[in-house]
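A quick write-up on the structure given underneath.
Every chain is numbered from 1 and lettered A, B, ... according to where its sequence line falls, protein lines coming before strand lines. Note: hydrogens, waters and symmetry copies are ignored here, and every other heavy atom, side chains too, is used.
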Amino acid sequence: MLANEIYEILKKEFGDGILEFKEEAPSDPYISVEPSKIFDICHTLRDSSELMFDYLMCLSGLDLGESLGIVYHLYSFKHTHKIVIKTTVPKETPTLPSVMHLWRTADWHEREAFDLYGMIFSGHDNLIRILLPYDWEGYPMRKDYNEPEEYHGMRVPY
Amino acid sequence: MDLVGLAFYFLAALIVISAAIVVFSKNIMYSAFSLMFTFFGVAGLYVLLNADFLAVTQIMVYIGGILVLIIFGVMLTTRITGVDVKSNSLGKIQVGIAGLLSTIIAISLIVVFSSTKWFLSEPKVSGDSTKLIGNELLTNYLLAFEAASVLLLIAIIGAAFIARRK
Amino acid sequence: MGIGLTHYLVISAILFSLGLFAIIVRKHAVLVLMGLELVLNSANINFVAFAKYGGMNIEGQVAAVFVIILAAAEAAVALAIVLNIYQNFKTVNVDEIDNLKD
Amino acid sequence: MGETNFLIKLLGDNLITVLLISALPLGFLVVYALLAILGELKISAWMQERVGPMRTGWKGVLQPLAEVIKLIQKEDITPDAANKPLYNLAPYIVFTGAYAAFAVIPFSEFFVPSGINLGLFYIFAVGSIGAIGIVMGGWASNNKYTLLGAMRSVAQLISYEIPGAMAILSIAVLSSSLNMQEINKAQTGWFWNWFMFGGPGSYEKLWVIPFTLGLTLIYMIASLAETNRTPFDIPEGESELVAGYHTEYSGMKFAMFFFAEYANMFVVAAVLVTAFMGGWNSPFGSFLSGPLWGAFWFIGKSFFVIFVQIWLRWTLPRLRVDQLMYLGWKILLPVSFICFLFVSLFRMLN
Amino acid sequence: MNETKKIQLEYSQMESDRMRLNVGPQHPSTHGVLRLEVEIDGEIVTEVIPHIGYLHRCFEKHCEKMTYPQVIPYVDRLDYISAMNNEWPYVMAVEKLLEIKVPEKVEYIRVIMAELNRIANHQIAVATFGLDAGAFTPFLYFFRDREYILWIMEKCSGARLLFNYFWIGGLAHDVYPSFKQEVLDAIKQVRKTNAEVMNLLIYNKIFIDRTANIGILPADVAINYACSGPTLRGSGVKWDLRKDDTYSIYNRFDFNIPVGKGEVGQLGDCWDRNIVRMYEMEESCKIIEQAVAQMPDTGDVKEAIPAKLRPPKGAEIYQRAENPKGELGFYVVSNGTEKPDRIKARGTSFVNLSVLPVISKGYMFADLILILGSIDIVLGEVDR
Amino acid sequence: MINYIKSIWEGLWTVLVGMRITLLHLFVRNVTIQYPKERFPIPDGTNGTAMARNRLELDMDLCDGCKRCSRACPVNCIELDILQVAKGVEQPILKNGDKRNAWVPSYEIDFAKCCFCGLCTSVCPTDAIKHTTEFEYSSYKRSGTVSYYFDDKKDYDRGLKFSFINLTEAEIEEKKRVLAEFKAQQAAAKAAATVAKPEAQTEAKTE
Amino acid sequence: MGLLNRLDDPFEGGGIILGKVEDLLNWGRSKSDWYLHFGLACCAIEFMALNASHFDFMRFGTIPRTSPRQADFIMITGTVTLKMADRIKILYEQMSEPKYVISIGSCSNCGGPYWEHGYHVLKGIDRIIPVDVYVPGCPPRPEAMEEGMIKLQKLIREQALFNGKDRIEELEAKKALKI
């Protein structure tokens, strides 16, 4: 199934929840959606028989300046099609529903996004830091991050 | 003092000291490990008494079997991840009474032993004790031997049955 | 003074009373068992000593063999019981285990 | 007893002789341990198309010596958390257990430190002392890994003692003796007189050969398990428990454990050789036999068994704990009972 | 963020006969610096909590500070065992952003290199898996053969492990004249050793007993956890990006996708995951043979390398490729300058490792080590 | 029961098969290359192979101070200063015959940081910076910056930070002085020029 | 090559057998080095290759130990992160004297490629434990690690056991005399 067909299906179902569809080379075609609807949209994407996106390839956080973005790359084993779902959340209140219960693989990806970007995934069972130590301060992948001078008595800069 | 006397006093001291540690130590693991030396000492006494089969059996059964069982028992029934495994005793008065009782028994036994005129036969030059014991077991004591085998079998089955988790 | 029967008997008496003391005083079930082993050992020393000096000949040693067999069986069963008690009561203190039902 | 010992013949029965006799195996043990360590390093290297230690003396032959010199100098750490008396005592008990077994090993027709009648039984008895030492060290180190290693080691040791003992018992039945010298003497002659091949006898013994061979194999496997060698090195399996019960030991105390392990290897090899492979008998009848050749054959055969142990170590993966118990209780034990039964039957019929 | 407190609380509440073991971060068989918090009941594992991040080297942060070609050395250091395979999806992503077409010869060399590196990777995977099971000798046989492959790669790229060989639009260096012959020799040796190891290790009874019926990963769980590569194929799912989402010139070659069949145990156990790697080495050999036969001799490997690398602003792409361990994807976002705005690496091992707590529950502690070994993780890729 | 016996047999048989393989390997010639005596063939760029990427070497007579290597380095381990050649006063040439545009009074590579990726060598226009096959320079100290030439005193512990300059202190001072003089001269000339033609310059700027 | 040839000869400098006790002790320690392999990252793979047949690290008398108590030196191969640093310190403290450290690869030398922007990378293992030999390379060739090992053996051989001087100073002083 092509990306614009998927967009049509989603648009029919969710209406305002779907913000934008963009397809221009060389980028992958993507659909931008409302962050609050992400769980429902993903649920439809996974369970509807014509979409069947059972494989979450990648979940990435992005720093877009004023807001933070989350990108879901989905793939379907059955229909061998893929789609990119994008959403943005404001930097001050970066909260959005978790998709961990749809695809268990999102568990660690979301923890990583939380760890590096500080997004809060509501509904995640165990949202704690994954790569960095538990007592680390700040979200290092944000563009305005400054590395700390010292950690546990060890100097961090060269 | 001859070599045998020296060995005897050494073993006696080993037995008494290690048994005292078994009884009086606060740390139950010390008790368990100290028991090994008691068993060793007793095995040594058996050697002095020309009972070499018994000595080896003592080492094999008591140290290789019972002591290992006891250590496992201690480890499985106590928090063993720390090194200070304590075992409490009764209150002071009870300990005092028990101590008195034990001392009285010990002293009276010693008095009785040393004052009794035992009928002593000459220490026989024992031959191959293994052979003799084997002969005895399979002739005069055959019934007891069979009973002991059955007992052991029952003990194995019973122990396995009891210790199994429900 | 050469080493005679009395020497062994004295050692066995001391061992016996130490074992008895442990049985009376200690609360830990395994320690009680250890006291029992001491008592059995003291008895064994007597058997073997009499086998050599007291004219009991080889029969004394045979008796000792049976004692050792008994001790082994007893230790196995006793420890199994101790383990079972521990699993049910979470303690091996012999004074606290006083109810018949678990 | 005395007649089997050439030193008593030479020097008479006095204290110095006794000390000398008990020191001789120690000297042998030191030399043997150095050789065995080098052999282990070199054979494993050759099997893996490597060369092994090459830079210590000529072709690395001084390597074990360097290691001993190093271990002497190492700091002897007693961890703060450890239970100090037991921690310090454990290596010596383990070593005592291993060394005590040397008392009855018949190196030659005319040299056995102490030819007591209960030789085989005695070796099994003192073998269990090591178990106590191991559990002592493992517990006193106060470390979860050491404790687990020690528990596994002891469980393994006591469960494999039974099939091993059954195998040895069959030999006692065949030779009607527990004295190691007697057992050796019973196997005089060509190698088909070894108990591995049913012992001396005519064509009637042919049907018992499979059982005696099976017993040899059972003892070999059980002895591997008792000495904690691969595939049974679960107590010190480095991929699971860092170094097993001696994780916390360093310096000389660790060397004692190390030494005891190699001594145990020799003890089980010696028992195997004595019981099944003719001990100090020459495999070729009276060819090259005699007291000195006897020592050569005995040590040579033992070294071959040790080579097999090393060979197996570098070939096989490691078993898991429950599989080890399965092998011990459900395969080796029944098979050894069956073999024992048939061997006794054979003995009864003849 | 009271995680430390939470853990302490758990410790205090734990049952007396359950023990908590900390495996790692420095442990001989965690394949690097992984820490597993294991709760064991006797010998049975009741819970596994992987703690990762002990090798978090800030790869994604570095990417934002580097130009596109400068990222390649860092990409190498993700999955350092199969660096060639790492470089490939990254350079493909940038090539797609820049719309560069790479020459024919480059594609062939890339295929050969990637497959050689796949063999080298699987050799390490099987070798360390054997090592976890206690077999030391096969480990050294594999490493001996791996050395022959590394020689070829060193002669082409100049480095032994981290090659920096695939450049955007081409290769760093052309192959040398005797390349083809040496590649064929190397795979001959690989096949010989594989046959040997099959007898020495894989079909050894002890090894089968250790690994069969252990760590069973059902196919639906594997897909839900987004496992890929041999971990997924061991569960019987016939899915390989080289065939199913084909890239480069893989459609020109004839090869099979080996899947686990549950030959000695249940489908999806450790042995199946391992045997898939053994068979994949053979398939890689086949691909290499075909590629060597088809490869053109002439041609410049550097002709398509652009002088300025400035992908259009806002362009973004997710490019994935079949890494030996599974699907490795790079999500590259451009901001119109020489430096990327964001590069996210979808680490194969990162995803595959997340399934460990599920498949290791209820097995023994010794099995946990083997289950971990059968997933074949590289911590550089997990932690990035 | 059949399975039981079969598994015992399989166990024994596979162990024997494995033992046969290891025994055969016992007699195979070893492949070890004993390093200090024998050496691995390291590709050195001949016969069409790539150059092994080990320590970098810099031919200062070829280096023009273009700083491309420093810019290309992903880890920024190359640090160099340049000193403009006083054009007109001196006309130095590079080894390959080109005109030298700059002196390089300091050129340091920190091999503790270097990741041996080869990007610096690929951008060098004169092939001044090159990889070598030498890899033996581990040391007891990390930061011992010693300004030695490459070739002499091999066994001296030089640390991991290397300075490649072949100019002596005095020469650098001299060059600096010449440049300063030249600059001053130029500035003076410029000043004179601006005074002379201010109009022309402002016109140029507006355009 | 001059350096290596000299190091290769075990009987260099008067011969060990006739030499002093110090020489013998140092010889023993230098020839029998048990190591704790602290494998962290890419260099660990090269280190595994070093252990394999073609290079055979055991030629130097080195035996891998998994317990720090029994190790003589620790090989740090790879990037040390801040999360990991404490562990290395603990492991180093657990080792028994005399102990040495070989830092292998750029990352453990100074943070390597991650020295500039690596907010979570410890820039140099020598910030937490003393390092005896630095082996450069990213990753170093196995031979380079062998050379580092030879350097360490040389260091141990020339160490003064009885006068208590700092060993690096001692070595430097000897070198100063030579040059």
> Non-hydrogen atoms of chain A under 4.5 Å away: do they reach the side chain of Cys58(E), the backbone, both or neither?
Replying inline: neither

> So which part of Leu116(A) gets closer than 4.5 Å to some heavy atom of chain E, the side chain, the backbone, both or neither?
Replying inline: side chain

> Can you name the closest pair of heavy atoms from Tyr75(A) and Asp244(E) and give their distance?
Replying inline: OH-O, 4.3 Å

> Can you tell me how far the NE2 atom of His101(A) sits from the CG atom of Asn224(E), to the nearest 0.5 Å?
Replying inline: 11.5 Å

>> Which atoms of Asp107(A) are under 4.5 Å from chain E, going by heavy atoms: the side chain, the backbone, both sets, or neither?
In response: neither

> With a 4.5 angstrom heavy-atom cut-off, which part of Lys96(E) approaches chain A: side chain, backbone, both or neither?
Replying inline: backbone

> Top residue by heavy-atom pair count (under 4.5 Å) with chain A, among Ser354(E), Ala315(E), Ser228(E)?
Replying inline: Ser354(E)

>> One pair to check against salt bridge (charged side-chain N to carboxylate O under 4.0 Å, His left out): Glu316(E) and Lys22(A). What are the steps and the verdict?
In response: CA-CA 12 Å; Glu316(E) 55 175 67; Lys22(A) 206 170 170 194; over 6 Å; no

> Has the side chain of Asp28(A) got a donor or acceptor atom that lies under 3.5 Å from a matching backbone atom of Ile317(E)?
Replying inline: no

> Heavy-atom distance under 4.5 Å to chain A: side chain of Asp341(E), backbone, both or neither?
Replying inline: both

> How far does CZ of Arg104(A) sit from CD1 of Ile223(E), to the nearest 0.5 angstrom?
Replying inline: 16.0 Å

> Where on Glu60(E) is there a heavy atom nearer than 4.5 Å to chain A: the side chain, the backbone, both, or neither?
Replying inline: both

>> Can you tell me which portion of Leu98(E) sits under 4.5 Å from chain A's heavy atoms? Options are side chain, backbone, both or neither.
In response: neither

> Which residues in residues 136-151 of chain A have a heavy atom less than 4.5 Å from any heavy atom of chain E?
Replying inline: Pro140(A), Met141(A), Arg142(A), Lys143(A), Tyr145(A)

>> Just to be sure I understand the criterion: a residue of residues 41-61 of chain A counts if one of its heavy atoms is under 4.5 Å from a heavy atom of chain E. Which ones qualify?
In response: Asp54(A), Tyr55(A), Leu56(A), Met57(A), Cys58(A), Leu59(A), Ser60(A), Gly61(A)

> What part of Gln319(E) is in contact with chain A, defined as an atom under 4.5 angstrom from a non-hydrogen atom: side chain, backbone, both or neither?
Replying inline: neither

> side-chain contact (heavy atoms from CB on, under 4.5 Å) with His56(E): which of Ile130(A), Asp115(A), Leu132(A)?
Replying inline: Leu132(A)

> Listed by residue number, which members of residues 78-100 of chain A have a heavy atom under 4.5 Å from any heavy atom of chain E?
Replying inline: Lys82(A), Lys86(A)

> By a 4.5 Å heavy-atom criterion (distance strictly below it), what part of Pro312(E) contacts chain A: side chain, backbone, both, or neither?
Replying inline: side chain

> Does Trp108(A) reach the side chain of Leu353(E), with side-chain heavy atoms less than 4.5 Å apart?
Replying inline: yes

> Can you pull out the residues in residues 327-334 of chain E with any heavy atom less than 4.5 Å from chain A?
Replying inline: Glu327(E), Tyr331(E), Val333(E)

